[in-house]
A.B. asks: 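Can you keep this structure in mind? I'll have questions shortly.
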Amino acid sequence: MSAGGVPVVHLRAVDVWFADGPHVLHGLDLSIGSGEHWALLGPNGAGKSTLLALIGAQRHPSRGEVGVLGQQLGRVDLRQLRETIGTVDVRLRMPAGLSVADYVLTGVTQTVQPLTGRYDETARALAAELVGRFGLADLRDRPVSVCSQGERARARLVRALMCKPRLLLLDEPAAGLDLPGRADLLAALEDLPGHDPALATVTVAHHLEELPATTTHVALLRDGRFVATGTAELLHDTTALAACFGRPLRAFTVDGRWYASAVARPEEDLNTTPAAAR
């Protein structure tokens, strides 16, 4: 919970449907507390992006209540609320001509293009500190267009932290990364709780291998409904995983990180730990 016992995110009986379109979320209840790190998992079309848009104050629910950082959607200026939420989205355009340092500064206002009048010395000092902490100091003057995918991923994360968020949303932050790039990004994410114990995060991922070891909670979503929510140990529930993804799966950890494998034969024991994790 956040200060005063108010959840960082609170959903009650939330539905979302589109005019002349599908009913994509159904009766969702969820509470995310301060310092919790959630993974949002489910197959394509489950409604993950729509749910993240609600939590990120990008849209209103069709029915139900959504509370974010103590504010109820429908009773608050969404533009102002969005400036207090850190967002990492690989689909958000990175202006090619911007240097890493200038790109990071756009996180102050959560805008695509720089608004230089909004960047005071405090913001510039924070940007320099974060760029250094996440290993980008030598790249601060390099255009983002010539950075590697891994370097861009860390730059997106640093940008998202510029508003000193209490809530950080990560929409497939490791998508498209090679193994070294993913390792660097996960290390950066796992570093966050040590610097800001109150920060709450929600990470959308298609693969368990893309989740940081600091993940504390999991929400499994299928067809716009929660199959199950709970602590990260929920990933050991093979029945819940099968119900979510539509086929038998097992999850296991190696050095604190999560991995998953499909069960090749129906008769195979779902609770048997793969040899790689022993």
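Just so you know, these numbers come straight off a predicted model, no measurement behind them.
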A.B. asks: Cut-off 3.5 Å, side chains only: do Arg166 and Ser34 have a donor facing an acceptor?
C.D. replies: no
A.B. asks: Side chains of Leu221 and Val227: closer than 4.5 Å at any heavy-atom pair?
C.D. replies: no
A.B. asks: Can you give me the closest heavy-atom contact between Pro165 and Gly86, atom names plus distance?
C.D. replies: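 Heavy atoms only, the tightest pair is CB-N, 3.4 Å.
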A.B. asks: If you count the non-hydrogen atoms of other residues, nucleotides and ligands that lie under 6.0 Å from CG in Asp138, is the total more than 12?
C.D. replies: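 Result for CG/Asp138: open.
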A.B. asks: For Ser145 and Ala96, indicate whether the former's side chain and the latter's backbone hold a donor-acceptor pair under 3.5 Å.
C.D. replies: yes
A.B. asks: Only distances under 3.5 Å count here; give the side-chain donor-acceptor pairs of residues 73-82 to other protein atoms, sequence neighbours excluded, each with its distance to 0.1 Å.
C.D. replies:
| unit_1 | atom_1 | unit_2 | atom_2 | d |
| --- | --- | --- | --- | --- |
| Asp77 | OD1 | Arg79 | N | 2.9 |
| Asp77 | OD1 | Arg79 | NE | 3.3 |
| Asp77 | OD2 | Arg79 | NH2 | 3.3 |
| Arg82 | NH1 | Ala57 | O | 2.8 |

A.B. asks: If we check side-chain contact (heavy atoms from CB on, under 4.5 Å) with Val202, which of these qualifies: Val9, Leu51, Leu30, Leu169?
C.D. replies: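 It is Leu169, the one option of Val9, Leu51, Leu30, Leu169 that forms the side-chain contact (heavy atoms from CB on, under 4.5 Å) with Val202.
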A.B. asks: Are side-chain heavy atoms of Leu126 and Leu130 found at a separation under 4.5 Å?
C.D. replies: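 Contact flag for Leu126/Leu130 side chains = yes.
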A.B. asks: Test side chain to side chain contact (heavy atoms under 4.5 Å, CB included) on Asn44 and His206; report intermediate values, then the result.
C.D. replies: CA-CA 8 Å; Asn44 290 335; His206 279 296; 2.7 Å; yes
A.B. asks: Which atom names give the shortest non-hydrogen contact between Leu208 and Ala251, and what distance separates them?
C.D. replies: CD2-CB, 3.7 Å
A.B. asks: For Val144, does its backbone N or O pair with a side-chain atom of Arg152 as donor and acceptor, under 3.5 Å?
C.D. replies: yes
A.B. asks: Any idea which heavy atoms bring Leu185 and Ala153 closest together, and the distance?
C.D. replies: CD1-O, 4.1 Å
A.B. asks: Does any non-hydrogen side-chain atom of Leu52 lie less than 4.5 Å from one of Ser49?
C.D. replies: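 No, side chains not in contact.
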A.B. asks: Can you name the residues that form a side-chain contact (heavy atoms from CB on, under 4.5 Å) with Ala240, not counting sequence neighbours?
C.D. replies: Leu220, Ala228, Leu234, Asp237
A.B. asks: As an exercise, state the distance from OG1 of Thr87 to CG of Leu170, rounded to the nearest 0.5 Å.
C.D. replies: 8.5 Å
A.B. asks: Taking side chain as C-beta onward, heavy atoms only, is Thr84 less than 4.5 Å from Leu69?
C.D. replies: yes
A.B. asks: Does any non-hydrogen side-chain atom of Asp184 lie less than 4.5 Å from one of Arg182?
C.D. replies: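 In short, these two side chains do not touch, never coming nearer than 4.5 Å.
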A.B. asks: Are Leu54 and Phe18 joined in one hydrophobic group, where the rule is that I, L, V, M, F, W and Y side chains link up if heavy atoms are under 4.5 Å apart?
C.D. replies: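 Cluster IDs for Leu54 and Phe18 match.
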A.B. asks: May I ask whether Val131 and Met94 are part of the same hydrophobic cluster, defined by side-chain heavy atoms of I, L, V, M, F, W, Y residues being less than 4.5 angstrom apart, directly or through others?
C.D. replies: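 Val131 clusters together with Met94.
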A.B. asks: Side chains of Thr253 and Leu235: closer than 4.5 Å at any heavy-atom pair?
C.D. replies: no
A.B. asks: Filter on ring-ring contact (aromatic ring centres under 6.0 Å, His included), then keep only pairs touching residues 99-142, sequence neighbours left out; what's left?
C.D. replies: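 For residues 99-142: none.
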A.B. asks: Does Val66 reach the side chain of Pro61, with side-chain heavy atoms less than 4.5 Å apart?
C.D. replies: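 Side-chain contact under 4.5 Å: yes.
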A.B. asks: Sorted by first residue and then second, give each ring-ring contact (aromatic ring centres under 6.0 Å, His included) pair with at least one member in residues 19-41; sequence neighbours left out.
C.D. replies: Trp17-His23, His23-His26, Trp38-His217
A.B. asks: Going only through I, L, V, M, F, W and Y residues with side-chain contacts under 4.5 Å, is there a path from Val24 to Leu28?
C.D. replies: yes
A.B. asks: Going from CD1 on Ile85 to CD1 on Ile55, what distance comes out if it is rounded to the nearest 0.5 angstrom?
C.D. replies: 9.5 Å
A.B. asks: Any idea which heavy atoms bring Cys147 and Val100 closest together, and the distance?
C.D. replies: SG-CG2, 3.7 Å
A.B. asks: Compare every heavy atom of Phe245 with every heavy atom of Pro43, then report the nearest pair and how far apart it is.
C.D. replies: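 Closest pair (atom of Pro43, atom of Phe245, distance): N-CE2, 3.9 Å.
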A.B. asks: Take a 6.0 Å sphere around CZ of Arg12 and say whether it holds more than 12 heavy atoms from other residues, nucleotides or ligands.
C.D. replies: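 Check fails, neighbour count at 12 or below.
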A.B. asks: Using atom types as modelled and distance alone, determine if a side-chain donor or acceptor of Lys48 lies under 3.5 Å from a backbone N or O of Gly42.
C.D. replies: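 Side chain of Lys48 to backbone of Gly42, a donor-acceptor pair under 3.5 Å: yes, one is there.
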A.B. asks: Thinking salt bridges, do Glu151 and Arg142 make one under a 4.0 Å N-O criterion?
C.D. replies: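 Yes, charged N to carboxylate O under 4.0 Å.
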A.B. asks: What pairs of donor and acceptor atoms, side-chain ones from residues 189-197 against any protein atom, are under 3.5 angstrom apart with sequence neighbours left out?
C.D. replies:
| unit_1 | atom_1 | unit_2 | atom_2 | d |
| --- | --- | --- | --- | --- |
| Glu190 | OE1 | Arg257 | NH2 | 3.1 |
| Glu190 | OE2 | Ala213 | N | 2.8 |
| Glu190 | OE2 | Arg257 | NE | 2.7 |
| Glu190 | OE2 | Arg257 | NH2 | 3.2 |
| Asp191 | OD2 | His195 | NE2 | 3.2 |
| Asp196 | OD1 | Ala198 | N | 3.4 |

A.B. asks: Would Gln149 and Asp178 satisfy side chain to side chain contact (heavy atoms under 4.5 Å, CB included), going step by step from the backbone distance to the final call?
C.D. replies: CA-CA 8 Å; Gln149 290 294 339; Asp178 59 16; over 6 Å; no
A.B. asks: Which distance, rounded to the nearest 0.5 Å, do you find between the OG of Ser261 and the CZ of Arg250?
C.D. replies: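 Here the interatomic distance stands at 4.5 Å.
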A.B. asks: Apply side chain to side chain contact (heavy atoms under 4.5 Å, CB included) to residues Glu65 and Leu11 and explain how you reach the verdict.
C.D. replies: CA-CA 6 Å; Glu65 296 180 2; Leu11 277 62; over 6 Å; no
A.B. asks: Heavy atoms, side chains only, cut-off 4.5 Å: are Phe226 and Asp29 in contact?
C.D. replies: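 Not in contact.
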A.B. asks: For the atom pair OG1 (Thr201) and CG (Leu40), what is the distance rounded to the nearest 0.5 Å?
C.D. replies: 11.5 Å
A.B. asks: For residues Val204 and Pro173, report the shortest heavy-atom separation together with the two atoms involved.
C.D. replies: O-CD, 3.8 Å
A.B. asks: What's the separation between atom NE2 in His60 and atom CD in Gln72, rounded to the nearest 0.5 Å?
C.D. replies: 11.0 Å
A.B. asks: On the 0 to 90° scale, with breaks at 30° and 60°, tag the His236-Trp258 ring pair as parallel, tilted or perpendicular.
C.D. replies: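 The arrangement is tilted - the two ring planes meet at 30° to 60°.
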A.B. asks: Verify the neighbour count for atom CZ of Arg222: are there more than 12 heavy atoms of other residues, nucleotides or ligands below 6.0 Å?
C.D. replies: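 Count over threshold, so yes.
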A.B. asks: Could you go through Val218 and Leu41, starting from their C-alpha distance and side-chain angles, then the distance that decides it, and tell me whether this counts as side chain to side chain contact (heavy atoms under 4.5 Å, CB included)?
C.D. replies: CA-CA 7 Å; Val218 175; Leu41 304 173; 4.1 Å; yes
A.B. asks: List the residues meeting salt bridge (Lys or Arg N to Asp or Glu O under 4.0 Å) with Asp171, not counting sequence neighbours, and say none if there are none.
C.D. replies: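 Checked Asp171 against salt bridge (Lys or Arg N to Asp or Glu O under 4.0 Å); matches are Arg91.
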A.B. asks: Once rounded to the nearest 0.5 Å, what's the spacing between atom CG of Leu179 and atom CD of Glu209?
C.D. replies: 10.0 Å
